[in-house]
Amino acid sequence: MKLIIFVYALLLGSFLNVVGLRIPAKQSIVKPRSACPTCGKTLTFVELIPVLSYVIQSGKCKHCKTSISPFYPLMELTTACLFVFAYSKIGWSFELIIAWTLITLLVIIFITDIKFMLIPDKILFFFAFVFIGERLIYPLQPWWDSIAGAALIFMMLLIIAILSKGGMGGGDIKLYTVLGIVLGTKLVLVSFFFANILGAIAGLIGMAIGIFEKRKPIPFGPFIAIATLIAYFYHDELFAWYQSLFY
Ligand SMILES: [Zn+2]
C-alpha cells in the first residue's frame, strides 16, 4: 500500500512543480507540455518520469546538457515521503484526505514562495473551498473551531501587519487564514509560533553565512509550510512535552 501511495504522490509532486511554476507566471497548467527552459525542447514521456528521469540523465537536459535544478526532484520526493508519512501516522480515515490536501497546498506554496516570493490568490481560493468542504464532512471538535481558528489568526496577523508596517506579507496572512480552517485555534497558533522560530533561526544563519542580505525580505511561506506540518502531525507529542515541563 505504501508503495502505491509513494508512486502516486511522486506523480502528484511532479504536477505540483508545474502548478507552482506556472500559476504565478499566469500560464495554463495543462498546455503547453513541459519543456526544457533553456533549449525549449518538449520533454518526452520518459523524461517526465519523476525523480528517476533526473537520476538517469544525471541532472542534465538530454538535448542541450543544461543542468536541471535538483529542487524539482527534491520537491517530488518530499511530496511522496509526506504522503506516505501521513498515511502511516493517520491510517485510513477521512482525516487522511485532509492531511493529503494540506500537504498538497503546502508543497505548492513552498515552491511559489521560494521561486517567485508569491502566494497566489488563485491557489488559496481553491484550497479554501476544498478545506471548508472537507471540514464540513469531517469537522474539528467543536465544529466552530475552524471558523474561530481562521478568524483569530487573521485578526492577529492583521494587527501584527499594521503595527510592524508591512513586516507581515498579505499572502502570509491569507495563507494562515486558510490554514486556520484546517487546524483550528490551538494548532494554528502553534504553527505560527514555530514558523517564527524557524524564520528567526534561518534568518540568523543566513545572515551569518551571507546568503541573505540585511533588510532584504526573505519568503516566509516555506517556514509556514514546515511549521504547519510540525503542528499538524506532532501536536499530541508537543502538548505532552509541554505539559511535562510543568508537572
Ligand atoms: Zn535543454
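Whatever order the structure lists ligands and atoms in, that order sets their numbers, starting from 1. Atoms considered below: every heavy atom in the structure, side chains included; atoms not considered: hydrogens, waters and symmetry mates.
Remark: aromatic rings of Phe6 and Phe83 are distant, center separation not under 6.0 Å. Centroid-to-centroid, the aromatic rings of Trp92 and Tyr87 come within less than 6.0 Å.
Only protein N, O or S atoms were scored, and 4 of them lie under 2.8 Å from the Zn ion (ligand 1).
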Give every donor-acceptor pair under 3.5 Å between a side-chain atom in residues 105-132 and any protein atom, sequence neighbours left out.
from: Thr112; atom 1: OG1; to: Ile108; atom 2: O; distance (Å): 3.4
from: Thr112; atom 1: OG1; to: Ile109; atom 2: O; distance (Å): 3.3
from: Thr112; atom 1: OG1; to: Leu118; atom 2: O; distance (Å): 2.8
from: Asp113; atom 1: OD1; to: Leu118; atom 2: N; distance (Å): 3.1
from: Asp113; atom 1: OD2; to: Gly221; atom 2: N; distance (Å): 2.6
from: Lys115; atom 1: NZ; to: Tyr72; atom 2: OH; distance (Å): 3.4
from: Asp121; atom 1: OD1; to: Lys174; atom 2: NZ; distance (Å): 2.7
from: Asp121; atom 1: OD2; to: Lys174; atom 2: NZ; distance (Å): 3.4

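Ile153 contributes atom CD1, which lies 11.5 Å from atom CG of Leu187 (distance to the nearest 0.5 angstrom). In this structure, CD1 on Ile230 lies 9.5 Å from CD1 on Ile197, to the nearest 0.5 angstrom.
The side-chain contact (heavy atoms from CB on, under 4.5 Å) test with Leu48 singles out one residue from Ser34, Ser53, Ser14, and that residue is Ser34.
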